[in-house]
Amino acid sequence: MAIVKKSFGKNYLRCYMNEKGKIYSCEQIRKSWNNKVNYVKENSLENIKGLRQAQLGAVFAIRAHWTVSKEAATVVMPTGTGKTETMITTIVAEQCRKVFILVPSDLLRVQTVENCVKLGILKEIGVIEQRERYPNVLCLKSQPRTKDELKGMLDSANIIVSTAKLVSRFDIEYMNMLSSKCDVLIVDEAHHIEANRWNQIKSYFRGKRILQFTATPFRNDGKKLDGDIIYNFPLSMAQEQGYFQKINFKSIIEYDEEKGDYAIAQAAVKQLKFDLKNGFNHIILVRAKGVQRAKQLFENIYMHYFIQYNPVLIIGEMTVLEKKSNMEALKTGKSQIVVCVDMFGEGIDIPNLKIAAIHDRYKSLPITLQFIGRFARSKAGLGDATIITNLANEDIQDALAELYSQDSDWNNLLSELSEGVIGKEISLQKLANGFKGSGIESINIKQLRPALSMVAYKTDAKEWHWENWTQLFDEDLCKYYINEEENIFIVIEPEESKIDWANYREISNLNWNLHIAYWNKEKKVVFLNSTNKAIFNKFAETLITKV
């Protein structure tokens, strides 16, 4: 069998041709996958190849979720635990009719196409049988010229791969066709898609199965990912199972920014020399916050090491050929320093990236953890990772301060902080899912941001009576939520007020008040939070008075 490429302008289809010169149809390929996944578990001690524990857990969680729900779901797996093979295993196990995979960058788009057309390493490790058929994979790199061309390309593919940046420019007809043809939408590195762009794309896939894969349930823009977290593989377990190697942290303290940049570069190159001397073919990744900053670091600092290490620059405004050439130089070992911005590195498979020179740090803890996790990927013969940054003159969050402090044990802190951040999100998700009431469809409980202050009312009552709320509020106008297990009650109330600039009865201002009550049964205390402080006493009395 041979892989062939059918081009449609810049777009192309990758598929297999059998010995007779035949390319199988999508339906023939899909039907061939029936019950052809072997859920063999990897056991390195007994030299048994198979799926990792994280991959098995994720696949089972996804398939279980799909038996009862079509709601968007999020799978959290640390970088390097095998998200791509998890996706492919799910596609084959579920015999998905047509899958659309959304990725954040062109580099990852090409890599995902190549992985999917070969079924990753799933045949090599015995998860998919050798005789099973490979999928036809479409790489969407530009807008199709006509609707008929798009239809022809989609009809030819089991899997379609593209970027959110491209797809968000498709017109309504194109998006309707894409969503009607595909039964599954998978978003890889989901935290990279801007909230507005993601909401625009997702709106076309309502009623379809949506999966989001990420190492952190928070976007780069600081907003949370939607969709319930159906599976979370802890970073601590990834470390215990050897997917992450030790991380060494080396700090610079230099209050002059220019001198600090030179000091970071010198420390990184010194570490590279040491690693090379000890037989580790490592690469330095230089992290900058923007394109101009990356150019400045590349031209003014890292080009001084051109003769020894042939540094390359990879930024968004470069041509595809330039990026490809520079990537090839890294993969072949011709270059051992790369200067880049945030878009580089997500999902890109260069295990030799083991030295991070962080000139500009992330302010978000989840994204910091994601970035650092790339350098801790485990692979035989690669050695430990090293992170280098300047601790001076930086206003950072408390958790980041702890993470970047000189005496921190990164190998413990990475897992502790990661699990703390994700654990809070899972707890909030569980709490939100426990609510019922009249406002569930219109307002997402997880998006509420009440004030932190509360008023407490001590009472002799043994129970509370949240169902009395209609004595105080108009149930036809208000929305209510109740979590009876956690004893939390919420009312969202509209309130009209006169306008200041005219005497019109027909025109008024409409505001919304938020009222929250929590009943602590053990302490016999009602805690109240409200945007209308005048209502506290009546609200408390209503909740604890038996009718």
Any side-chain heavy-atom pair of Ser105 and Thr163 under 4.5 Å:
no
The reported gap from CZ in Arg145 to CG in Leu150 (rounded to nearest 0.5 angstrom) is 12.0 Å
Pairs where residues 298-314 contributes a residue and the test salt bridge (Lys or Arg N to Asp or Glu O under 4.0 Å) is met, not counting sequence neighbours
none
Using modelled atom types and a 3.5 Å cut-off, is there a donor and acceptor pairing between side-chain atoms of Lys250 and backbone atoms of Thr386?
no
Side chain to side chain contact (heavy atoms under 4.5 Å, CB included) partner of Cys139, chosen from Arg109, Arg14, Glu114, Lys5:
Arg109
Heavy-atom nearest pair, Pro104 first then Asp188, reads CD-O, 3.6 Å
Hey, what do you get for CH2 (Trp66) to CG (Leu211), rounding to the nearest 0.5 Å?
4.5 Å
Quick check for you: to the nearest 0.5 Å, what is the distance between Leu297 atom CG and Ile264 atom CD1?
8.5 Å
Show the nearest heavy-atom pair for residues Ser162 and Leu166, with the distance to one decimal.
OG-CD2, 3.3 Å
State whether the side chain of Asp228 and the backbone N or O of Ile230 hold a donor-acceptor pair below 3.5 Å, judged by distance alone.
no
Just verifying a value: how many Å separate Asp384 CG and Asp275 CG, rounded to the nearest 0.5 Å?
8.5 Å
State whether a side-chain donor-acceptor pair under 3.5 Å links Asn281 with Gln336.
yes
Do the side chains of Ile91 and Ile186 get nearer than 4.5 Å, heavy atoms only?
yes
Under the rule for salt bridge (charged side-chain N to carboxylate O under 4.0 Å, His left out), what residues qualify as partners of Glu42, not counting sequence neighbours?
none
Glu322 side chain to Asn326 side chain, donor-acceptor N/O pair below 3.5 angstrom
no
Rounded to the nearest 0.5 Å, how far does CD1 of Ile301 lie from CD of Glu258?
7.5 Å
Side chain to side chain donor-acceptor pair (under 3.5 Å) between Gln55 and Glu85: does it pass, once the steps are laid out?
CA-CA 8 Å; Gln55 294 170 321; Glu85 268 70 26; 4.6 Å; no
Are Met87 and Phe213 close enough, and set up right, to give a side chain to side chain contact (heavy atoms under 4.5 Å, CB included), and what steps lead you there?
CA-CA 9 Å; Met87 292 178 206; Phe213 283 84; 3.6 Å; yes
Using the six-membered ring wherever Trp is involved, compare the ring planes of His304 and Tyr262 and label them parallel, tilted or perpendicular (cut-offs 30° and 60°).
parallel
Measure the CZ-OG distance between Phe306 and Ser335 for me, rounded to the nearest 0.5 Å.
8.0 Å
Examine distances only and state if a side-chain atom of Asn352 and a backbone atom of Lys331 form a donor-acceptor pair shorter than 3.5 Å.
no
Heavy-atom neighbours of Lys165 NZ exceed 12 at 6.0 Å
no
Over 12 non-hydrogen atoms of neighbours within 6.0 angstrom of NZ in Lys181:
yes
Using a 4.5 Å cut-off on heavy atoms from C-beta on, say whether the side chain of Phe233 contacts that of Arg52.
no
Test side chain to side chain contact (heavy atoms under 4.5 Å, CB included) on Glu254 and Asn390; report intermediate values, then the result.
CA-CA 7 Å; Glu254 175 54 67; Asn390 185 6; 4.1 Å; yes
Identify the heavy atoms of Cys96 and Arg209 that sit nearest to each other, and give their distance.
SG-NH2, 4.3 Å
Least distance between heavy atoms, Val99 atom then Asp183 atom:
N-OD1, 4.4 Å
Answer yes or no: is there an ion pair linking Arg293 with Asp261, defined by an N-O contact shorter than 4.0 Å?
yes
For Arg206, does the CZ atom have more than 12 heavy-atom neighbours from other residues, nucleotides or ligands under 6.0 Å away?
no
Smallest separation among heavy atoms of Leu154 and Met177, with atom names
CD1-CG, 3.9 Å
Sub-4.5 Å side-chain heavy-atom contact between Val187 and Thr214:
no
Does the Asp360 side chain pair with the main chain of Ala288, one donor and one acceptor, at a distance under 3.5 Å?
no
Give a yes or no answer on whether the side chain of Ser179 reaches the backbone of Asn176 with a donor-acceptor pair at less than 3.5 Å.
yes
Between Val76 and Thr74, is there a side-chain heavy-atom distance shorter than 4.5 Å?
yes
Is there a donor-acceptor contact under 3.5 Å from the side chain of Tyr174 to the main chain of Pro144?
yes
Measure across Leu13 and Ala157 and return the closest heavy-atom pair with its distance rounded to 0.1 Å.
CD1-CB, 3.9 Å
Between Met318 and Ile315, is any pair of side-chain heavy atoms under 4.5 Å apart?
yes
Would you confirm whether His65, through its side chain, and Glu71, through its main-chain N or O, come within 3.5 Å as a donor-acceptor pair?
yes
What do you reckon, is CZ of Phe274 surrounded by more than 12 foreign heavy atoms closer than 6.0 Å?
no
Beyond-backbone contact of Tyr204 with Ile172, side-chain heavy atoms, under 4.5 angstrom:
yes
Begin from the C-alpha positions of Ile314 and Leu330 and carry the test side chain to side chain contact (heavy atoms under 4.5 Å, CB included) through to its verdict.
CA-CA 11 Å; Ile314 295 183; Leu330 291 170; 4.2 Å; yes
Can you label the angle between the Tyr309 ring and the Tyr305 ring as parallel, tilted or perpendicular, going by 30° and 60°?
tilted
Is the shortest heavy-atom distance from the side chain of Ile388 to the side chain of Ile284 under 4.5 Å?
no
Please determine whether side chain to side chain contact (heavy atoms under 4.5 Å, CB included) holds for the pair Val75 and Thr86, giving the CA-CA distance in whole Å, both sets of side-chain angles, and the decisive distance to 0.1 Å.
CA-CA 10 Å; Val75 174; Thr86 301; 5.6 Å; no
